[in-house]
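Okay, structure first, notes after.
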Amino acid sequence: MPHADKIAWIITSHAPAEILCGYPNIEGDLIAVDGGLKMVNKLCLHPKVIIGDFDSLSPRYLKKYPKTPVIRHKAHKNETDTELAIAWCVEQGIYSGIVICNDMQGRTDHALAILQNLLALHEKGIPARIENQFQKLFFLSDTTRLQGHKG
């Protein structure tokens, strides 16, 4: 059963230097995705798990986290590393939401895949968003309420 306030923060290879809410304000579990471990290391944070095929990560980064579980995937696969991390989060059944930290400036196919993953989460009723230094991207539902000022 999901914890009401347990959020999975997926730090991707294209995680921006800063996110709107601020990395220091993250509360929940960090999931480092392949090269995203570089950002986690730079921020002096500790991931709950490291997931990927590690084609874009030096082994020296993995050595810095000897007690952190590593889920290694084959390089030749149909899913992106981020998609595999999202699937892992959903399988855990403990997260009330997922935040994907990605600047959306990397490969177009990966950016489109992340949007497709976001839509799939929305269709499953799992609150999720993509967050970067400029925006929070999410799908609206019939019950979404936004606060703001008229005009």
Side-chain angles (χ1 to χ4, degrees), residues 1-140:
M1 172 161 241
H3 298 282
D5 59 349
K6 188 124 181 171
I7 303 296
W9 292 82
I10 298 177
I11 311 299
T12 68
S13 293
H14 283 278
E18 189 54 69
I19 55 176
L20 280 176
C21 73
Y23 286 115
N25 299 318
I26 288 178
E27 291 183 9
D29 290 341
L30 286 177
I31 290 70
V33 179
D34 204 301
L37 187 59
K38 293 177 202 172
M39 179 62 72
V40 170
N41 183 66
K42 180 180 176 183
L43 296 167
C44 298
L45 300 172
H46 192 83
K48 177 181 179 83
V49 65
I50 305 166
I51 299 173
D53 58 21
F54 307 113
D55 63 347
S56 62
L57 183 71
S58 167
R60 70 183 170 99
Y61 284 100
L62 287 172
K63 290 178 183 175
K64 293 181 178 193
Y65 301 91
K67 295 184 180 181
T68 302
V70 174
I71 300 172
R72 185 179 298 272
H73 293 278
K74 294 179 183 179
H76 298 289
K77 57 192 180 313
N78 291 327
E79 303 85 359
T80 65
D81 291 332
T82 300
E83 185 176 356
L84 293 168
I86 291 168
W88 181 88
C89 291
V90 172
E91 288 169 9
Q92 300 312 296
I94 60 171
Y95 298 110
S96 59
I98 297 173
V99 180
I100 305 163
C101 299
N102 191 286
D103 63 12
M104 302 300 283
Q105 300 297 310
R107 290 176 34 188
T108 302
D109 59 336
H110 281 217
L112 291 173
I114 292 172
L115 289 171
Q116 182 180 8
N117 299 151
L118 188 64
L119 177 60
L121 289 167
H122 174 73
E123 290 173 343
K124 289 178 184 176
I126 299 170
R129 71 179 184 264
I130 299 166
E131 188 165 330
N132 60 39
Q133 65 273 36
F134 303 115
Q135 59 203 356
K136 293 180 183 183
L137 179 61
F138 56 95
F139 286 94
L140 301 175

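Quick caveat, the model's predicted, so the values are computed rather than measured.
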N/O donor-acceptor pairs under 3.5 Å from side chains in residues 57-64, not counting sequence neighbours:
residue, atom, partner, partner atom, Å
Ser58, OG, Arg60, N, 3.3

For the side chain of [X] and the backbone of [Y], is there at least one donor-acceptor N/O pair under 3.5 Å apart?
{"X": "Asp53", "Y": "His76", "result": "no"}
{"X": "Glu131", "Y": "Cys21", "result": "yes"}
{"X": "Thr12", "Y": "Gly36", "result": "no"}

Which distance, rounded to the nearest 0.5 Å, do you find between the [atom1] of [X] and the [atom2] of [Y]?
{"X": "Ile11", "Y": "Met39", "atom1": "CD1", "atom2": "CE", "value": "8.5 Å"}
{"X": "His122", "Y": "Leu115", "atom1": "NE2", "atom2": "CG", "value": "13.5 Å"}
{"X": "Met104", "Y": "Leu137", "atom1": "CE", "atom2": "CG", "value": "6.5 Å"}
{"X": "Lys48", "Y": "Ile50", "atom1": "NZ", "atom2": "CD1", "value": "13.0 Å"}
{"X": "Asp34", "Y": "Arg72", "atom1": "CG", "atom2": "CZ", "value": "9.5 Å"}
{"X": "Ile130", "Y": "Ile10", "atom1": "CD1", "atom2": "CD1", "value": "10.5 Å"}

Grab the two heavy atoms, one from [X] and one from [Y], that are nearest each other, plus how far apart they are.
{"X": "Ala113", "Y": "Thr80", "result": "CB-CG2, 4.1 Å"}
{"X": "Tyr23", "Y": "Ala17", "result": "CE1-O, 3.5 Å"}
{"X": "Ala32", "Y": "Val40", "result": "CB-CG2, 4.1 Å"}
{"X": "Ser13", "Y": "Ser56", "result": "OG-OG, 3.7 Å"}
{"X": "Ala128", "Y": "Leu121", "result": "CB-CD1, 3.6 Å"}
{"X": "Leu118", "Y": "Phe138", "result": "CD2-CA, 4.1 Å"}

Considering only heavy atoms from C-beta outward, does the side chain of [X] approach that of [Y] to under 4.5 Å?
{"X": "Tyr65", "Y": "Asn41", "value": "yes"}
{"X": "Glu27", "Y": "Ile7", "value": "no"}
{"X": "Trp9", "Y": "Leu45", "value": "no"}

List the atom pairs, with distances to 0.1 Å, where a side-chain N or O of residues 84-92 and a protein N or O form a donor-acceptor pair under 3.5 Å, not counting sequence neighbours.
residue, atom, partner, partner atom, Å
Gln92, NE2, Trp88, O, 3.3

_Partner of Ile19 under side chain to side chain contact (heavy atoms under 4.5 Å, CB included), chosen from Asn25, Val99, Ile26_ = Ile26

Does [X] [atom1] have over 12 foreign heavy atoms under 6.0 Å away?
{"X": "Phe139", "atom1": "CZ", "answer": "yes"}
{"X": "Gln116", "atom1": "CD", "answer": "no"}
{"X": "Lys136", "atom1": "NZ", "answer": "yes"}

*Please determine, by modelled atom types, if Thr82 and His110 share a side-chain donor-acceptor pair under 3.5 angstrom.*
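Short answer, no.
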
